[in-house]
Participant: 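Can you read through this structure? Questions will come right after.
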Amino acid sequence: MKALLSALLLAALFIFASPLRSAETKPNIVFILADDLGIDGVSCYGADRHKTPHIDQLAASGTRFETCYAAPLCGPSRCLLMTGRYAFRTGGLTNGSWRRNGPGARSANEWSIAKVLKQAGYATGQSGKWRQVGETPHDWGFDEYCTDPLAGGYYWKDSYEKNGQIISAPGSYNPDIIQAFSIDFITRHKDEPFFLYYAMHFVHKPTLHTPDSSPGKLDGPGCYDDNIAYMDKQVGEVVAALEKLGLREKTLVIFSGDNGTARGYPSPVHGRMLDGFKGTMLEGGSRVPYIANWPGVTPAGKVSQDIVSFADQLPTFAELGGAPLPKGVKIDGVSLAAQLRGQPGQPRAYAYVQLGKHWFVREPGWKMTETGALFDMSDAPFAEKMVTVPTDTEASTAARGRLAAVLQELSPSAGKQDARGEKMEAKGE
């Protein structure tokens, strides 16, 4: 009888201790970043037109965050993600900011996620789009990388860049090359902790046919659905590779997007159009999907209303990986490690979003811009309503005071600026 009781006690301890041990294990981290994909391109966020079953499965078995904010444009978003610091601190203000002698962030002056995680023994890899961050992924702390060498090339082309070398690949479909590199990186580093930053080219223009498109299908807007479907399939293949290698329960997979959907491609969410799109300072410009999945750790099927910023990734991954944060550097991110473990944590009170000389601070229900204009966001992401001082209520008056104080403390106008970069953006350079 005593032996039976002892066995039952040990079994109970194992059952209750397993999630704790899993939660405390240093995870592999795979951050999959889609390009120009707002919440209207992901079906678990209510997209009416697009179906993304593999991404939806990540949400169903993980945690989906409703309100994640990037910057409204590729380069500033990726800089915010890599450094955990706001644009007025780094100079990552517009896509043009990384020109020669521009203010765009330089690797010598910034700590990146890759540099931070290398301190904790992580192997670091980057695959996919890198342009508009400047220098090379290696300069920013990635041991290995695979990207493309052409400023205007994304999909069908004849070469790619791997660890600084241009490799000829006539007739290749670049997303398949990037996918193969990503899975190979995971496979080769399966016995050590790794961080893979997988920056997909999907679904950035040009909108071309995929290998799964119907034979003879013409390139153009008609291929957009095919691109979303191919993107979703590749996400599923990455997850399947982790499972095959026995790494799934050891790996945190995050899926997100770098900014809102591109002009001309937004589609309805629950029958309504989002307010704004890529490049705008409206909700549809910077609100993006954010799904976290770590089996046995992230709560399955949970939908969180906590505000998430792209700046939060660096401190989150540092905490999960046991890496120290850089000293003497102002990190604007707030760690989400507790929420990823299913705990309340300390959710950020607001998100700060900037593109060039424009910015806003956003809290649940309210938003204030650089001009001091206050907006009622109770109908976001579909509409925002300006609230003038004469029409203030008790709630709007309180929000006006809170958000004005935040902007005063941040003082973006006293930080780095890039008037030339803004002119380049306006001209489409």
Side-chain angles (χ1 to χ4, degrees), residues 11-33 44-45 55-70 81 84 113-114 116-124 186 190 192-198 235 238-239 242-243 245-256 288-325 331-351 364:
L13 287 172
F14 178 81
I15 290 172
F16 287 108
S18 293
L20 179 61
R21 285 203 302 271
S22 180
E24 295 304 322
T25 299
K26 180 185 294 187
N28 305 312
I29 301 170
V30 176
F31 189 96
I32 303 176
L33 183 68
C44 63
Y45 278 87
I55 297 169
D56 293 356
Q57 180 55 38
L58 283 178
S61 56
T63 297
R64 178 169 66 85
F65 290 81
E66 277 282 292
T67 49
C68 175
Y69 292 90
L81 169 67
I113 294 175
V116 169
L117 288 178
K118 282 172 68 71
Q119 296 179 105
Y122 276 72
T124 57
I186 290 170
K190 62 184 177 63
E192 61 183 323
F194 60 80
F195 167 55
L196 174 64
Y197 168 45
Y198 186 173
V235 171
V238 170
V239 174
L242 291 167
E243 291 174 344
L245 292 167
L247 299 175
R248 193 62 197 89
E249 293 188 353
K250 301 176 183 178
T251 306
L252 168 64
V253 176
I254 292 178
F255 176 84
S256 190
V288 296
Y290 188 90
I291 297 166
N293 188 297
W294 181 6
V297 181
T298 52
K302 182 176 181 179
V303 178
S304 174
Q305 301 300 326
D306 290 352
I307 292 176
V308 177
S309 165
F310 261 33
D312 298 337
Q313 310 319 298
L314 187 147
T316 299
F317 297 166
E319 181 174 346
L320 292 175
L325 289 175
I331 300 296
D332 294 299
V334 176
S335 176
L336 297 167
Q339 288 97 312
L340 298 185
R341 294 183 176 116
Q343 302 161 358
Q346 295 182 326
R348 58 165 52 246
Y350 62 85

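As the structure is a prediction and not an experimental result, all values here were calculated from the model.
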Participant: What pair of heavy atoms forms the shortest contact from Pro324 to Val116, and how long is it?
Facilitator: O-CG1, 3.8 Å
Participant: Is any side-chain heavy atom of Leu58 less than 4.5 Å from a side-chain heavy atom of Val235?
Facilitator: yes
Participant: Could you check whether the rings of Tyr197 and Phe31 sit parallel, tilted or perpendicular, using 30° and 60° as the cut-offs?
Facilitator: tilted
Participant: My understanding is that only residues two or more places apart in sequence, or in another chain, count here; which of them pass salt bridge (Lys or Arg N to Asp or Glu O under 4.0 Å) with Glu66?
Facilitator: Arg64
Participant: Would a 4.5 Å heavy-atom cut-off, applied to side chains only, mark Phe194 and Val30 as touching?
Facilitator: yes
Participant: State whether the side chain of Arg341 and the backbone N or O of Gln343 hold a donor-acceptor pair below 3.5 Å, judged by distance alone.
Facilitator: no
Participant: Sequence neighbours excluded, which residues qualify as side chain to side chain contact (heavy atoms under 4.5 Å, CB included) partners of Ala60?
Facilitator: Gln57
Participant: Would you say the side chain of Val238 lies within less than 4.5 Å of the side chain of Val253, judging by non-hydrogen atoms?
Facilitator: no
Participant: If every non-hydrogen atom of Asp312 is compared with every non-hydrogen atom of Thr316, which pair is closest and at what distance?
Facilitator: O-OG1, 2.6 Å
Participant: Once side chain to side chain donor-acceptor pair (under 3.5 Å) is applied, do any residues pair with Thr124, and if so which ones, sequence neighbours excluded?
Facilitator: Asp143
Participant: Going by the rule side chain to side chain contact (heavy atoms under 4.5 Å, CB included), which residues pair with Leu325 if we only count those two or more places apart in sequence or in a different chain?
Facilitator: Leu314, Pro315, Ala318
Participant: Mind jotting down which residue pairs meet the side-chain hydrogen bond (donor to acceptor under 3.5 Å, both in side chains) criterion with at least one end in residues 295-305? Sequence neighbours excluded, please.
Facilitator: none
Participant: For residues Asn28 and Pro193, determine if any side-chain heavy atom of one lies less than 4.5 Å from a side-chain heavy atom of the other.
Facilitator: yes
Participant: Name all residues meeting the side chain to side chain donor-acceptor pair (under 3.5 Å) criterion together with Thr67; count only those two or more places apart in sequence or in a different chain, and write none if there are none.
Facilitator: none
Participant: Would you call Phe317 and Leu336 a side-chain contact if the rule is heavy atoms closer than 4.5 Å?
Facilitator: no
